[in-house]
Amino acid sequence: MSSPIITRFAPSPTGFLHIGGARTALFNWAFARGRKGKMLLRIEDTDRERSTDAAVTAILDGLTWLGLTWDGDAVSQYARAERHREVANELLKRGKAYHCYCTPQELEAMRAKAEAEKRPIRYDGTWRDRDPSSAPAVVKPVIRFKAPQQGETVIEDHAQGRVVIPNKDLDDLIILRSDGNPTYNLSVVVDDHDMGVTHIIRGVDHLTNAARQTQIYLAMGWSVPDMTHVPLIHGPDGAKLSKRHGALGVEAYRAMGYLPAALRNYLARLGWSHGDDEIFSTEQLVEWFTLDSLGKSASRFDFAKLENLNGHYIRHTPDAELLRHLLAFMPHAEGGPDLLARTDDAMKAKLLRAMAGLKERAKTLVELLKGAAFLYASRPLSMDDKARQILVDGGHAALAALHPVLAGAGDWTAHTLEAAVKTHAEQAGLKLGKLAQPLRAALTGTSTSPGIFDVLEVLGRDEALARIADQAKP
RNA sequence: GCGCCCUUCGUCUAUCGGUUAGGACGACAGCCUUUCACGUUGUAAAGACGGGUUCGACUCCCGUAGGGCGCGCCA
């Protein structure tokens with residue numbers, strides 16, 4: 001029996017959980033869940049300057065909202081610095097690392113010179129084989145990894161295939177800063193090893209790091225985890241994801257009214273596929289997901305397709321469940337908190353009854369909420385331009401004639417109301433639209449809404465009749 | 001500049017040497033209809049370019065072009 005699968009998601013808390021990170025987390029999660037493995041969460045906070053607690057919270061909240069759960073507690077990488085130092089010293093002892101006394105200024109000059117001469121920008125190995133006794137006493141040294149200079153480093157990658165990097169192109173990276181704190185590449189290797197990570201799934205922007213990390217694994221005599229570097233997500237214009245495009249935190253997607261399930265489905269189809277399947281459940285994703293079915297080229301973020309998917313999910317979510325989503329969404333919506341405060345049990349009941357008609361017309365929860373606005377409106381309703389025009393073009397009179405008809409209807413249900421209005425239309429020789437549109441205007445203040453008889457029913461006899469009376473003029 | 005990677009409809013993708021190159025979003029047109037939607041039917045739309053290999057290339061190889069990523073005492 002093979003050892004259990006352990007994946008990890010390792011974001012750095014320098015900002016929100018952006019969409020690319022969310023997808024990486026989704027893949028790690030799906031892979032682990034599909035194999036009865038575990039997904040660990042590690043916060044890469046070794047950069048004390050830029051890491052913030054707020055970012056950690058945002059990342060945890062984002063993952064939770066997306067429904068991606070991790071096993072065990074989130075691990076702080078910084079908290080493990082002592083262990084990282086220990087490994088750095090072990091490397092030193094093994095002759096796989098050395099002290100470097102170059103100052104940041106000297107390194108800067110080195111880079112500038114290389115750039116001016118159009119040479120590759122790399123550390124020149126000044127202290128690689130130099131006798132430390134010649135070290136300047138005032139400079140606190142860093143520890144650099146003694147990278148192999150000959151041969152090549154190979155990464156067997158599930159998504160990228162076999163990637164070969166010439167060792168001469170990889171310089172001696174710093175693994176321990178002059179202040180004694182470890183750097184990313186060292187910490188990652190030590191943590192992944194100590195945490196028992198078997199599969200690393202992350203963005204291709206880490207491909208070069210994978211090579212350097214592989215060298216460190218080898219230097220320590222540790223086995224190298226299985227690697228998968230997934231292609232990046234670009235903006236609609238093919239360039240880097242910008243704020244305007246999609247480089248937003250997942251909380252922004254929540255505020256735009258997307259359902260977690262829809263976003264998961266959409267994200268899964270970016271860079272991964274299962275034949276022609278477009279719409280599938282998260283359970284199916286977990287069942288179908290394999291590392292080898294990942295693509296290799298970057299994909300562009302397409303809001304139109306996300307909207308379409310989201311609309312599908314909204315339409316297929318049971319009314320009561322959708323109402324819960326809507327209620328949970330309100331605090332994050334513009335003007336939502338105010339509406340939420342006005343949502344008592346009676347209003348919830350109305351929303352629930354209107355939901356079937358509402359959800360057909362919404363691609364996002366923002367639109368769903370907007371569609372429900374007429375339920376919250378108070379008399380006399382304000383009319384938008386189109387509604388006003390309908391009323392002016394004979395609407396007022398039509399309503400005046402309709403009011404007694406509705407008032408005299410038997411029971412206040414969509415069914416009987418529809419029968420009553422249709423009979424009236426026939427007798428008056430009018431097309432149904434000539435009555436429905438004025439009703440819609442009077443009842444909702446707009447020219448679009450769910451089926452008008454459902455609107456009548458949901459509003460209730462008293463409120464509906466009153467709204468009609470408000471607009472009825474001879 | 002150096003290294004690595006990528007390139008099928010506008011977009012996401014299927015195809016794993018032999019297909020009329022398929023699906024989805026979007027677009028356009030029709031149908032349905034009390035509005036808006038939903039639904040439904042249909043149309044247009046692709047192998048970057050140039051060489052090979054092969055009986056046969058979107059698929060394999062080489063080159064060109066375009067694009068991406070990386071090259072910090074950041075992660």
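Sequence lines set the chain letters: A, B, ... in the order given, protein chains first and strands last, and positions in each chain run from 1. Values below: every heavy atom of this structure, side chains too, minus hydrogens, waters and symmetry copies.
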Sidechain N-carboxylate O distance under 4.0 Å for A:R467, A:D470: no
Rounding to the closest angstrom, what is the interatomic distance between B:C62 and B:U54 at atom C1'? 16 Å
Atom P, compared across B:G23 and B:U41: separation rounded to whole Å: 12 Å
Closest to the A:R122 side chain: B:C4, B:A75, B:C2? B:C2
Check this one for me: any side-chain N or O of A:S273 less than 4.0 Å away from OP1 or OP2 of B:A14? yes
Same-atom distance (C1') from B:U19 to B:A75, integer angstrom: 46 Å
Nearest-angstrom distance, C1' atom, B:C32 to B:G42: 15 Å
Taking the basic N atoms (NZ, or NE/NH1/NH2) and the acidic carboxylate oxygens, is any pair closer than 4.0 Å for A:E367 and A:K370? no
Under 6.0 Å from the CD atom of A:E117, do we count more than 12 heavy atoms belonging to anything else shown? yes
Nearest whole Å is fine: how far is B:U35 P from A:I390 CD1? 11 Å
According to the Watson-Crick and G-U wobble definitions, with both distances under 3.5 Å, which nucleotide is paired to B:U15? none
Side chain A:E426, main chain A:T423, donor-acceptor under 3.5 Å: no
Atom CZ of A:R50 and atom P of B:A75: how far apart are they, to the nearest Å? 8 Å
Starting at CZ of A:R80 and ending at C1' of B:A75, how long is that distance when rounded to a whole Å? 17 Å
Answer yes or no: does a side-chain N or O of A:R162 lie under 4.0 Å from OP1 or OP2 of B:C5? no
Table of protein N/O atoms under 3.5 Å from nucleotides 57-64 of chain B N/O atoms:
none

Taking the six-membered ring of A:Y123 as reference, does the NZ or CZ atom of A:R144 fall below 6.0 Å from its centre and within a 45° cone about the axis? yes
Using a cut-off of 4.0 Å on non-hydrogen atoms, how would the nucleic acid contact of A:L435 be classed: base, sugar-phosphate, or nothing? nothing
Parallel, tilted or perpendicular: which describes the rings of A:W272 and A:F280, with under 30° parallel and over 60° perpendicular? perpendicular
With respect to the side chain of A:Q160, which nucleotide from B:C73, B:C5, B:C2 is positioned closest? B:C5
Given that both distances must come in under 3.5 Å, which nucleotide forms a Watson-Crick or G-U wobble pair with B:G26? none
List every contact pair, protein side and nucleotides 24-29 of chain B side both N or O, where the distance is under 3.5 Å.
| from | atom 1 | to | atom 2 | distance (Å) |
| --- | --- | --- | --- | --- |
| B:A24 | N3 | A:K305 | NZ | 3.1 |
| B:C25 | O3' | A:N308 | ND2 | 3.3 |
| B:C25 | O2' | A:K305 | N | 3.3 |

Gap between atoms CG and P, on A:L186 and B:C73 respectively (whole Å): 14 Å
Quick check for you: among B:C4, B:G68, B:U34, whose closest atom lies nearest to any side-chain atom of A:H234? B:G68
Spacing of A:I174 atom CD1 relative to B:A75 atom P, expressed in whole Å: 11 Å
Check: A:K386 and A:Q437 side chains under 4.5 Å, non-hydrogen atoms: no
Protein-nucleotide distance (A:N209, atom CG; B:C69, atom P), rounded to Å: 15 Å
Modelled atom types, side-chain donor and acceptor of A:Y184 and A:N209, under 3.5 Å: no
Under a 3.5 Å limit for both distances, which nucleotide forms a Watson-Crick or G-U wobble pair with B:A21, could you say? none
Out of B:C4, B:U34, B:C36, which has the shortest distance to the side chain of A:A436? B:U34
For B:G68 and A:S297 - does any side-chain N or O of the residue sit under 4.0 Å from the phosphate oxygens OP1/OP2? no
Under 3.5 Å on both distances, the Watson-Crick or G-U partner of B:C73: none
For B:C5 and A:K296 - does any side-chain N or O of the residue sit under 4.0 Å from the phosphate oxygens OP1/OP2? no
Aromatic rings A:F27 and A:F289: how do their planes relate, parallel, tilted or perpendicular, breaks at 30° and 60°? parallel
To the nearest Å, how far apart are A:D454 CG and B:C36 C1'? 14 Å
May I have the distance from A:E360 (atom CD) to B:G39 (atom C1'), rounded to whole angstrom? 9 Å
B:G39 -> Watson-Crick or G-U wobble partner, both distances under 3.5 Å, gives B:C31
State plainly whether the residues A:R8 and A:E44 are in salt-bridge range, i.e. N to O under 4.0 Å. no
Can you tell me if A:D191 and A:H84 form a side-chain donor-acceptor pair at under 3.5 Å? yes
Which nucleotide in B:G3, B:U13, B:C73 has an atom nearest any side-chain atom of A:V142: B:C73
Does any nucleotide pair with B:U64 by Watson-Crick or G-U wobble geometry, both distances under 3.5 Å, and what is it? B:A48
Report yes if a donor N or O on one partner sits less than 3.5 Å from an acceptor N or O on the other, where the partners are the side chain of A:T208 and the base of B:C4; otherwise report no. no
Given the P atoms of B:U43 and B:G63, what is the spacing between them in whole Å? 42 Å
Please pick, from B:C12, B:G3, B:G72, the nucleotide with the shortest atom-to-atom distance to any side-chain atom of A:R269. B:C12
Between B:G50 and B:C58, how many Å separate the two P atoms, rounded to a whole number? 12 Å
Does any nucleotide pair with B:U59 by Watson-Crick or G-U wobble geometry, both distances under 3.5 Å, and what is it? none
Do the side chain of A:R42 and the main chain of A:Q77 share a donor and acceptor less than 3.5 angstrom apart? no
Using atom C1' of each nucleotide, how far apart are B:G1 and B:G10 to the nearest Å? 35 Å
Would you say that A:V392 contacts A:M383 through its side chain, given a criterion of any heavy-atom pair below 4.5 Å between the two side chains? no
Should we count CD of A:Q284 as having more than 12 external heavy atoms under 6.0 Å? yes
Hey, which of these two, A:L207 or A:Q437, hits RNA chain B nearer its 5' end, going by closest nucleotide? A:L207
Position toward the 5' end of RNA chain B (nearest nucleotide), A:A298 or A:C102: A:A298
Over all strands shown, is A:S299 touching base, sugar-phosphate only, or nothing at heavy-atom distances under 4.0 angstrom? sugar-phosphate
Donor-acceptor pair under 3.5 Å: do we get one between A:R361's side chain and the base of B:C36? yes
What's A:G451 touching, base or sugar-phosphate or nothing? Going by heavy atoms closer than 4.0 Å. base
Quantified in whole Å, what is the P atom distance between nucleotide B:A14 and nucleotide B:G70? 24 Å
So if I take every side-chain heavy atom of A:D169 and compare against B:A75, B:G39, B:G3, which nucleotide ends up nearest? B:G3
